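To start, the structure under review is shown below, and the notes come after it.
Below, read A as the first sequence line, B as the second, and so on, with proteins coming before strands; counting in each chain starts at 1. Here the structure is a predicted model, which means the values were calculated and not measured.
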There are 2 protein chains.
Amino acid sequence: MKVFLDALKQISPLSEKAIEAFSEMTKEEELSKGHLLIKAGTVCNYIYFIEAGLSRTFYYKDGKDVTDWISAEGSFAASVVSFITRQPDIRNVELLEPSRICAISYANLEKLYADYHEIERLGRLLVSYGLVQLQNRFDDLHFASAQERYMKLMNTQPSLINRVPLGMIASYLGITQETLSRIRAKV
Amino acid sequence: MKVFLDALKQISPLSEKAIEAFSEMTKEEELSKGHLLIKAGTVCNYIYFIEAGLSRTFYYKDGKDVTDWISAEGSFAASVVSFITRQPDIRNVELLEPSRICAISYANLEKLYADYHEIERLGRLLVSYGLVQLQNRFDDLHFASAQERYMKLMNTQPSLINRVPLGMIASYLGITQETLSRIRAKV
DNA sequence: CGCCGAGTTGAACTGAATCAAGAAACGTGG
DNA sequence: CCACGTTTCTTGATTCAGTTCAACTCGGCG
């Protein structure tokens, strides 16, 4: 759990009390590759922090598997829209590697928000940074070519290339596996 | 300013004191069509609420004008990434119609966050809903056809069609003006 | 009038998707 | 350690959605 708490502290300073409250509300788990953290069609009641390992968020569009998000160690995984709106959503989250994760429930997080102004602030900042990340990806998708997007991923998250199957990276970038394979061949 | 404060209250309840503090920190303005609220290359120091009117966020990619976001009355406008990260950004925000807006500065907002837990909460919720909106648009861009995207816009924000020039709607949807014109002709 | 911006239409072109085979790599059980 | 099937990745041929470039229409307005 240390990795998780350290990550939180780096976003916004927390008092000892708040940290303690956080760790009481969080449960740590070791799970195997392939484990489904969140199932499509249900309300996402947990947010997960990946202490070690790798996960991806995905859904099916016209029968095809689309990878929506990839979370490596040090980042969060959830069906964010469902978690916020409290509505079921089409997204699944699965582990791509055996992982150690920290899970905190919606109800517990709400309680922490209500009890600690400093945690509410932390939450606001976390969502804000999430928004910035998504906006960056959005911009790429908006007006960058397939190759530009792959290059950018190579630069920002090179480790993923070897850990995530090509097809998943392709749909993450919004292109087909074949196209990505060809782009790769050129470079 | 009433429209603004009402919108806030609807997101999360606020005490009289908090509302008063908010209205003291906010300045209301009437501005004409074409006015540039935020200029590319600068740090975005204000967030704007459109009480009446219309704005768009845009930038230049390879010399071409790209509309990133459109904010009608009842919604917010800003260069969100710049506002959060405190870094300059390529986005401009301009008014497409004469508008009445409420502006609140970064510094004032920070002060409100620090002084009022309830406002920090409001901020967290606002960013959360922004994230959900962006995720929805992202999903469209990710794996929906040009026509699907246009249809969805027609259904969710039909009023924009007549208020925003075609070229701006096109780049907002991630397509060219010609393509949008053809899609329109078919329907 | 004639110009100007906004939208439409046409024809040629292109990046990426699709469909279809194969070739590597990988893990599991014999 | 090898043989097997499965999954992952590559490569080729064809098709298609959307772009590009260019010309043309329409309505407004000085």
Side-chain angles (χ1 to χ4, degrees), chain A residues 32-36 54-56 58-68 70 92 94-98 137 139-154 158-187, chain B residues 32-34 54 56 58 60-67 70 94-98 137 139-154 158-187:
Chain A
S32 56
K33 175 176 171 170
H35 181 92
L36 205 63
L54 190 62
S55 80
R56 71 161 184 141
F58 68 102
Y59 59 89
Y60 294 95
K61 159 97 187 177
D62 305 334
K64 261 171 268 174
D65 177 314
V66 174
T67 296
D68 180 63
I70 299 172
N92 304 272
E94 70 173 4
L95 295 177
L96 295 180
E97 294 176 0
R137 251 192 97 201
D139 291 344
D140 289 348
L141 214 49
H142 204 179
F143 277 108
S145 69
Q147 183 159 339
E148 282 178 295
R149 277 176 258 158
Y150 179 66
M151 294 309 221
K152 195 155 178 181
L153 183 67
M154 289 273 280
S159 72
L160 294 187
I161 308 293
N162 305 308
R163 296 165 74 189
V164 182
L166 195 71
M168 292 175 190
I169 291 182
S171 73
Y172 175 81
L173 296 173
I175 58 181
T176 60
Q177 169 164 334
E178 293 92 326
T179 299
L180 182 51
S181 179
R182 281 183 247 267
I183 287 171
R184 208 184 225 178
K186 266 197 295 187
V187 188
Chain B
S32 56
K33 175 173 171 171
L54 188 63
R56 71 160 184 143
F58 67 102
Y60 295 95
K61 160 100 188 170
D62 304 333
K64 262 171 266 171
D65 176 314
V66 175
T67 297
I70 299 171
E94 70 171 6
L95 295 177
L96 296 180
E97 295 176 358
R137 248 192 99 200
D139 290 346
D140 289 348
L141 214 49
H142 203 180
F143 276 109
S145 69
Q147 183 160 342
E148 283 178 293
R149 278 176 259 157
Y150 180 65
M151 293 308 219
K152 194 154 177 182
L153 183 68
M154 288 273 282
S159 75
L160 294 188
I161 307 293
N162 304 308
R163 296 167 73 188
V164 182
L166 195 71
M168 294 178 188
I169 291 183
S171 73
Y172 175 81
L173 296 173
I175 59 182
T176 60
Q177 170 165 335
E178 293 92 326
T179 299
L180 182 52
S181 179
R182 280 183 249 269
I183 287 172
R184 208 182 224 180
K186 266 199 295 190
V187 187

query = Between C:dA17 and A:Thr179, is there an OP1 or OP2 to side-chain N/O distance shorter than 4.0 Å?
reply = yes

[X] [atom1] - [N] [atom2] separation (whole Å):
{"X": "B:Leu180", "N": "D:dT19", "atom1": "CG", "atom2": "C1'", "result": "14 Å"}
{"X": "B:Lys61", "N": "D:dT19", "atom1": "NZ", "atom2": "C1'", "result": "15 Å"}
{"X": "A:Leu141", "N": "C:dG15", "atom1": "CG", "atom2": "P", "result": "18 Å"}
{"X": "B:Ile175", "N": "D:dT19", "atom1": "CD1", "atom2": "P", "result": "6 Å"}
{"X": "B:Ile161", "N": "C:dA6", "atom1": "CD1", "atom2": "C1'", "result": "15 Å"}

A:Arg56 and A:Asp65 ion-paired at < 4.0 Å = yes

request  = Please state whether the base of D:dC9 and the side chain of A:Glu178 form at least one donor-acceptor pair under 3.5 Å?
outcome  = no

query = Between the side-chain atoms of A:Arg182 and the base atoms of C:dT18, is any donor-acceptor pair under 3.5 Å?
reply =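 Present.
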
Nearest to side-chain heavy atoms of [X], which nucleotide of [options]:
{"X": "B:Ser181", "options": "D:dT10, C:dT8, D:dT19", "result": "C:dT8"}
{"X": "B:Arg184", "options": "C:dT8, D:dT20, D:dT10", "result": "C:dT8"}
{"X": "B:Gln177", "options": "C:dG7, D:dC9, C:dT9", "result": "C:dG7"}

query = For A:Phe143 and A:Leu166, take the nucleotide of DNA chain D holding the closest heavy atom to each; which residue's nucleotide lies nearer the 5' end?
reply = A:Leu166

remark   = When rounded to the nearest 0.5 Å, the distance separating CE of B:Met151 from CD of B:Gln147 is 5.0 Å

